[in-house]
*Asks:* 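Pasting in a structure now, in structure tokens, and then I'll have a few things to ask.
Note on naming: letters A, B, ... go to the chains in the order of the sequence lines (proteins, then strands), and numbering restarts at 1 for each one. Computed from heavy atoms alone, side chains included, the values below leave out hydrogens, waters and symmetry copies. For clarity, every value in this text was computed on a predicted model and none was experimentally measured.
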There are 2 protein chains.
Amino acid sequence: MSIKYGLLALLQRGTMYGYQLRTSFEESTGGTWPLNIGQVYTTLSRLERDDLVRSLPEHDGGQRPYEITDAGRAELATWFATPIGRGDRPRDELAIKLALALTTPGVDVPGIIQAQRTATMRMLQEYTRMKQRTAGPADLSWRLVLESMIFQAEAEVRWLDHCEASLARHAPLPTPPPATAPETVHDKEKTA
Amino acid sequence: MSIKYGLLALLQRGTMYGYQLRTSFEESTGGTWPLNIGQVYTTLSRLERDDLVRSLPEHDGGQRPYEITDAGRAELATWFATPIGRGDRPRDELAIKLALALTTPGVDVPGIIQAQRTATMRMLQEYTRMKQRTAGPADLSWRLVLESMIFQAEAEVRWLDHCEASLARHAPLPTPPPATAPETVHDKEKTA
DNA sequence: TGCGCCTCGCATACCGGGTATGCATACTCC
DNA sequence: GGAGTATGCATACCCGGTATGCGAGGCGCA
């Protein structure tokens with residue numbers, strides 16, 4: 001859904017044709033989310049069908065530039081004005097995975113958490129390295145997108161740690177470390 | 001992509017038919033991500049086509065239960081063993097929105113940030129209320145999913161605050177508070 | 001200078017995920 | 001006991017995304 005409004009926002013800056021839209025979109029997000037060229041054309045045709053954009057006569061090189069309409073401008077304004085709600089988010093595959101792993105027999109849940117944690121930490125390091133290479137206010141958009149991913153990854157690591165602790169409380173490992181006693185258990189209603 | 005493996009995980013616990021799969025999936029995530037019944041059937045037919053599940057003879061009531069195959073068990077095991085990578089995540093609509101708003105003329109970026117911040121805070125309060133209602137280790141999966149969303153929402157609020165600050169540094173507001181001087185500017189290379 | 005390969009700009013076909021809709025049975029209430 | 005309603009199930013259709021097809025222009029080489 002976001003590419004529809006993304007193209008509208010780009011066309012608000014001026015008329016553009018397909019490939020320009022793709023490159024502009026990818027530039028503003030630093031190539032984080034590559035946009036397929038086919039998707040650009042299908043979205044443009046749908047936008048034209050809904051009278052949100054208008055196609056201009058072909059250029060010399062065969063490029064068909066598009067121009068935003070008044071209805072498109074209005075639609076874009078409402079998108080900008082409306083906050084992203086709860087139902088708009090896609091399913092979190094990691095949360096689903098862990099939730100299902102808990103009730104699936106024969107699954108090493110602590111192992112999954114550990115593996116995911118190292119993977120996320122690696123991503124985090126890569127993001128930080130990218131951020132250090134970014135300099136200058138010209139890339140402000142790109143830096144904000146990058147920092148968004150950094151914040152999310154940090155939250156994911158924190159959540160994984162939390163899961164690990166909460167899991168150790170409720171279902172002690174098959175081979176717990178024998179030397180140290182498990183930390184104080186808070187829940188009173190143990191089922192076993 | 002996650003529902004394919006979700007159904008496989010549920011079928012690992014035993015044979016089930018369509019509606020059972022849907023209700024079990026929704027139960028384990030506390031109804032956070034409602035699963036459309038149509039999607040269950042199409043996914044089941046694809047899974048059967050790929051020999052990951054096998055359909056059993058119809059029940060009395062007309063329900064067709066499904067059973068996981070050995071190939072399905074292997075596929076599920078690799079899904080559990082492989083961490084979620086960077087490219088698997090969907091586009092973050094909020095990040096795209098802000099990144100594009102920065103370079104679109106006639107957009108009130110601080111207003112967008114403020115509106116999103118209050119909306120996310122409201123979601124956060126709702127999540128916390130839900131969490132307080134959840135008690136007992138029976139809902140462990142559901143509580144972890146809920147906490148995942150809490151952690152993400154908190155990260156989003158932090159990111160929005162960060163954006164606001166970084167934005168105020170780079171592009172001062174059109175109508176700054178006249179009484180107090182803007183805080184120390186760190187960037188040396190102002191373009192203007 | 002003419003021929004062929006490659007790259008690039010552009011468009012389309014197909015597939016997977018999701019929602020709305022249709023259909024039959026069971027159940028309830030008058 | 002019959003109409004209305006809820007539930008279990010299946011299908012049709014729409015939208016987003018990827019892979020593929022297609023033509024024009026650039027460039028090496030004889």
Side-chain angles (χ1 to χ4, degrees), chain A residues 1-8 10 15-27 29 31-50 52-53 55-66 75 79 85-93 96, chain B residues 1-8 10-11 15-27 29 31-50 52-53 55-66 75 79 85-93 96-97:
Chain A
M1 212 54 192
S2 51
I3 61 148
K4 164 184 171 185
Y5 297 104
L7 297 188
L8 279 179
L10 292 173
T15 71
M16 281 178 161
Y17 56 90
Y19 261 60
Q20 283 180 324
L21 287 170
R22 178 170 86 154
T23 52
S24 297
F25 183 91
E26 292 185 349
E27 270 174 9
T29 62
T32 308
W33 293 294
L35 189 54
N36 192 284
I37 183 61
Q39 190 57 20
V40 176
Y41 292 114
T42 55
T43 307
L44 277 176
S45 55
R46 272 193 292 270
L47 286 174
E48 190 176 18
R49 178 199 60 188
D50 300 341
L52 302 178
V53 304
S55 73
L56 299 177
E58 266 197 3
H59 237 219
D60 298 346
Q63 302 107 328
R64 259 196 290 112
Y66 283 84
E75 184 95 356
W79 183 61
R86 176 187 160 186
D88 304 339
R89 324 262 174 176
R91 294 182 225 281
D92 186 348
E93 184 163 355
I96 291 175
Chain B
M1 214 54 193
S2 49
I3 60 149
K4 165 185 169 185
Y5 296 105
L7 297 189
L8 279 180
L10 291 174
L11 288 177
T15 71
M16 281 178 160
Y17 55 89
Y19 261 60
Q20 282 180 325
L21 287 169
R22 178 170 87 153
T23 51
S24 296
F25 183 90
E26 292 185 349
E27 271 174 8
T29 62
T32 309
W33 292 294
L35 190 54
N36 192 283
I37 183 60
Q39 190 58 20
V40 176
Y41 292 114
T42 55
T43 306
L44 276 177
S45 55
R46 272 194 294 272
L47 286 173
E48 188 175 20
R49 178 199 60 188
D50 300 341
L52 301 179
V53 304
S55 73
L56 299 177
E58 265 196 4
H59 237 219
D60 298 347
Q63 301 106 330
R64 259 195 290 112
Y66 283 84
E75 184 96 357
W79 183 61
R86 175 187 160 187
D88 305 338
R89 324 262 174 176
R91 294 182 225 280
D92 185 348
E93 184 163 356
I96 291 175
K97 186 168 159 180

*Asks:* Given atom OH of Y66(A) and atom C1' of dA11(C), what is their separation to the nearest angstrom?
*Replies:* 10 Å

*Asks:* Looking at residues at least two apart in the chain, or sitting in another chain, which of them share a side chain to side chain donor-acceptor pair (under 3.5 Å) with S2(B)?
*Replies:* none

*Asks:* In chain order, what residues pass the salt bridge (Lys or Arg N to Asp or Glu O under 4.0 Å) check against E75(B), with sequence neighbours excluded?
*Replies:* K4(B)

*Asks:* In whole Å, I'd like the distance from the CG atom of L7(A) to the C1' atom of dG17(D).
*Replies:* 14 Å

*Asks:* Main chain of L52(A), side chain of D50(A): is a donor-acceptor contact present, judged purely on distance under 3.5 Å?
*Replies:* no

*Asks:* For every nucleotide of nucleotides 12-20 of chain C, 5' to 3': is a protein heavy atom under 4.0 Å from its base (B), only from its sugar-phosphate (S), or from neither (-)?
*Replies:* B---SSBBB

*Asks:* Could you check how far CG of L44(A) sits from C1' of dG9(C), rounded to whole Å?
*Replies:* 14 Å

*Asks:* For Y19(B) and dC23(C), what is the distance between atoms OH and P respectively, to the nearest whole Å?
*Replies:* 16 Å

*Asks:* Tell me the interatomic distance from D50(A), atom CG, to dG16(D), atom C1', rounded to whole angstroms.
*Replies:* 15 Å

*Asks:* Please report, rounded to the nearest Å, how far the P atom of dG17(D) is from the CZ atom of R89(B).
*Replies:* 18 Å

*Asks:* Who are the ring-ring contact (aromatic ring centres under 6.0 Å, His included) partners of W79(A), not counting sequence neighbours?
*Replies:* Y5(A)

*Asks:* What pairs with E26(B) under side-chain contact (heavy atoms from CB on, under 4.5 Å), at least two apart in sequence or on another chain?
*Replies:* R22(B), P34(B), L35(B)

*Asks:* Residues two or more places apart in sequence or in another chain: which of them pass side chain to side chain donor-acceptor pair (under 3.5 Å) with S45(B)?
*Replies:* none

*Asks:* What is the separation between atom CD on Q20(B) and atom P on dT7(D), rounded to the nearest whole Å?
*Replies:* 16 Å

